[in-house]
There are 2 protein chains.
Amino acid sequence: MTAPGGAARHRPARRPTIKDIARRAGVSESAVSFALNDRPGVSDDTRARVRRVAEELGWQANSAARALSGERAGALGLVLARPARTLGVESFFLQLVSGIQEVLAARKIALLFQVVEDLDTECALYRRWWAERRVDGVLVVDPRTDDPRPELLAALGLPAVAIGGPAGPAPSDQEPDTAPPPLLPTVWADDAKAMARVLDHLHGLGHRRIVHVAGLPGLAHTARRIRSLRTEAALRGLDERQVRSVTTDYSDAEGAEATRRILDDPRPPTAIIYDNDVMAVAGASVAAERGIPVPAALSIVAWDDSALCRVTHPRLTALVRDTPGFGRLAAHELLTVLDGGPPRTVQGELPHLEARESTGPCE
Amino acid sequence: MTAPGGAARHRPARRPTIKDIARRAGVSESAVSFALNDRPGVSDDTRARVRRVAEELGWQANSAARALSGERAGALGLVLARPARTLGVESFFLQLVSGIQEVLAARKIALLFQVVEDLDTECALYRRWWAERRVDGVLVVDPRTDDPRPELLAALGLPAVAIGGPAGPAPSDQEPDTAPPPLLPTVWADDAKAMARVLDHLHGLGHRRIVHVAGLPGLAHTARRIRSLRTEAALRGLDERQVRSVTTDYSDAEGAEATRRILDDPRPPTAIIYDNDVMAVAGASVAAERGIPVPAALSIVAWDDSALCRVTHPRLTALVRDTPGFGRLAAHELLTVLDGGPPRTVQGELPHLEARESTGPCE
DNA sequence: TCCTCGCGCTGAACCGCATTAGTGCGCCTC
DNA sequence: GAGGCGCACTAATGCGGTTCAGCGCGAGGA
């Protein structure tokens, strides 16, 4: 009783289905399903036999069929909203993604990764993915101080975990502990403590005039770092004229430009903290142009380490964090939520300061 | 006649299906399917009405259901096999991916992107994705001189396009035009012409001793570049003692190390060509350490531009290519293949040399 | 006037899996 | 020895689309 049309001809190599397994093992399709999914209802004998046949046939569950009946897509999403222009030198995301996938691979979950131009497109993509049931949940990066995404995701009912800090409204300055719980489960790094470490280092070297070249003003962690800097400075008796922040778009161009303006100041700082590695290198380059010796006359710290910080001369002191670890944590947290676990706010490992040659005692 | 159990309660916001549309539009489900997929079989009137209802309901096809019946997953795959260690500063892949997605987004095709440790895992992933019918095709990057992937993919019947050069056996030296057609459709850049441009530039500036710090020896384009360098050098009457290549793993560490060895030579070169930006910057840094003025005593060229090349001092002369454009081209080519088009070998735009401050006349 | 044809649409099968409601049977119980 | 129970397994149903075989009907041709 051959199927009409000889099904196996023009379709390249028809993949085996549970039906094939059932036939070869001499049981029903449901028995196969039970056997392969570790459900009760079949004897150990049958289970073993079915497993063997499945192995022989090289069977893998068709993800579409499974998704259709099981209501799980078996995939998570990650959208990176960056204008193409600023899609620069970033080891951060590849490392983050690689960490995430370490966790997902073990459970055969795929990651849909998409780079888009702006936040609106990102939101539209969440809607579409969810409507199409392409993903079971998403990881949200680059949380902002005024972020539409948590509300959107909550409204959609799309499970999500924010990476990099509370994506809801920024916690109040006065009483951080009474801040409302963030809308989204979150994994974040303690920027305040990290900033304290940086200031400890610089203050210990005698620096009293410090400028912080921050990233995009709209991002939540930018706000946190700026706030922390103020707080930490105050703790050390430094005021706003001595320690301040300026914001940029993270690009080398704005990093260099900001550095020029800062160094043009009649009383320039003796140390600059850059919110990423690219700007730090750009800043070091500006210093070199002007003949300002680093670290003798100017100390430089990069927030985030990369090969970049090690190839320049002098090599840059940098705040090192375990980015893949961060990704693993986030993925794990999202899976927990999907499994019905409680939405939590968990904290990643505290970054440490890798002191290299770009920071030294203040003259 | 309500469904038993009140389906809409504990499942978060049941998504509308064509059944809902059919009911509201007063037609059958098949009519809805025809209307929404631009197939004949419904009047313009009905089509418009169905479309409107679908719009109102915010309907999007469930990708799993569509995949199950339509035999198309609606997704493509891209695997990046890199040991975590060398997952360094790379703007290349993000830009490539962003270009690819520009093309895919228009057709609502998703991209599964995965970072893995090695080639074996990559191959295993292709098998799994294909067995699970998660993807309709894949984009293969980092083709190697001795590459198992084209054969695997051909055996599986998994449609694929290689990015960055023939992924099959390297074309023969003698008669490149008679080389066997590559196993995979391919988009590639003409490294030979690009290398000619670089040599034109350096030779024109008077350089006669040139070293090429290449990347991973196993990669196809590394081999092509090395071969091209020899050819181009010979055309200009330079021999192997004057112009040569060394291979590295692309890392800043090996780039710096290679540079040190090269400069230790009793008759060091007057120009170095680096196969990526990171190594070029590392090399420049070594020169700075040793007090070798760039470009007065040593010219430096980076193969691939990035912010990096612009933030260092002096800024590096670099070979600029349109990476997102390359991605668009590759995505387009894969879609063509999926639509039944012929497998072709197409060539990306020729890179151009952006002359900056790191190259100058030979003393 | 009758037959044919094609249009616009419906009903049903199917994709591959999960799941639920049976079914047959051996065994224990009273 | 009849009833009940649990085990191993099968049959049927549904997920949300696509597709294909029909079907009624009005128009056009003979």
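From a predicted model like this one, the values you see are computed outputs, not experimental measurements. These values consider heavy atoms only, across backbone and side chains, with no hydrogens, waters or symmetry-generated copies. Sequence lines set the chain letters: A, B, ... in the order given, protein chains first and strands last, and positions in each chain run from 1.
- Panel note: side chain T336(A), backbone H332(A); a donor-acceptor pair is recorded below 3.5 Å.
- Residue pairs meeting the salt bridge (charged side-chain N to carboxylate O under 4.0 Å, His left out) criterion with at least one member in residues 29-41 of chain B, sequence neighbours excluded: D38(B)-R51(B).
- In this entry the distance linking CG of L57(B) with C1' of dG16(D) reads 15 Å, nearest Å.
- The side chain to side chain donor-acceptor pair (under 3.5 Å) check on D44(B) picks up nothing, with sequence neighbours excluded.
- Judged as a salt bridge (charged side-chain N to carboxylate O under 4.0 Å, His left out), not a single pair has a partner in residues 57-70 of chain A (not counting sequence neighbours).
- Going from atom CD of E29(A) over to atom P of dG14(D) covers 16 Å, rounded to whole Å.
- Heavy atoms of V32(A) sit nowhere under 4.0 angstrom from any nucleic acid atom.
- Rounded to 10°, the angle separating the first-five-pair axis and the last-five-pair axis of the helix from dT1(C)-dA30(D) to dC30(C)-dG1(D) equals 60°.
- Closest approach of D136(B) to G74(B), counting heavy atoms only: OD2-N, 2.8 Å.
- In this entry the distance linking NZ of K19(A) with P of dA11(D) reads 13 Å, nearest Å.
- A distance of 4.5 Å separates CD of E122(B) from CZ of R149(B), quoted to the nearest 0.5 Å.
- Residue R15(B) contributes atom CZ, which lies 16 Å from atom P of dC15(D) at whole-angstrom precision.
- With no hydrogens or angles considered, a side-chain donor-acceptor pair links S43(A) and T46(A) at under 3.5 Å.
- One atom, CD of E132(A), and another, P of dG17(D), lie 11 Å apart when rounded to the nearest Å.
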Report task. Spell out protein contact along nucleotides 20-27 of chain D as letters: B when the base is contacted, S when just the sugar-phosphate is, - when no protein heavy atom is under 4.0 Å; keep the 5' to 3' order. Result -> B-------
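- Applying the salt bridge (Lys or Arg N to Asp or Glu O under 4.0 Å) criterion to R344(B), with sequence neighbours excluded, gives E333(B).
- Every residue meeting the salt bridge (Lys or Arg N to Asp or Glu O under 4.0 Å) condition with R23(B), not counting sequence neighbours, appears here in chain and number order: D20(B).
- Residue-level contact check: S33(A) touches the bases, meaning some heavy atom is under 4.0 Å from a base atom.
- Atoms CD1 (I18(B)) and P (dC15(D)) sit 12 Å apart, rounded to a whole Å.
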Using atom types as modelled, flag every donor-acceptor pair under 3.5 Å from a side chain in residues 103-115 of chain B to any protein atom, sequence neighbours excluded.
residue	atom	partner	partner atom	Å
R107(B)	NH1	D339(B)	OD2	3.3
R107(B)	NH2	D339(B)	OD2	3.4

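- Listed by residue number, N37(B), R39(B) are the residues of residues 36-52 of chain B with a heavy-atom contact under 4.0 Å to DNA chain D.
- Taking atom CG on L68(A) and atom P on dG17(D), their separation rounds to 9 Å, with Å as the unit.
- Residues passing the salt bridge (Lys or Arg N to Asp or Glu O under 4.0 Å) test with R24(A) are E56(A), sequence neighbours excluded.
- No donor-acceptor pair under 3.5 Å is formed between the side chain of D147(B) and the backbone N or O of P143(B).
- Heavy-atom contacts of chain B under 4.0 Å fall on DNA chain C between two terminal nucleotides, which in 5' to 3' order are dG8(C) to dG16(C).
- Note on S69(B): every side-chain N or O is 4.0 Å or more away from OP1 and OP2 of dG17(D).
- If you measure from atom CD1 of I21(B) to atom P of dG17(D), you get 7 Å, rounded to the nearest angstrom.
- With sequence neighbours excluded, the residues that form a salt bridge (Lys or Arg N to Asp or Glu O under 4.0 Å) with E132(A) are R128(A), R134(A).
- At least one donor-acceptor pair under 3.5 Å links the side chain of T186(B) to the backbone N or O of L184(B).
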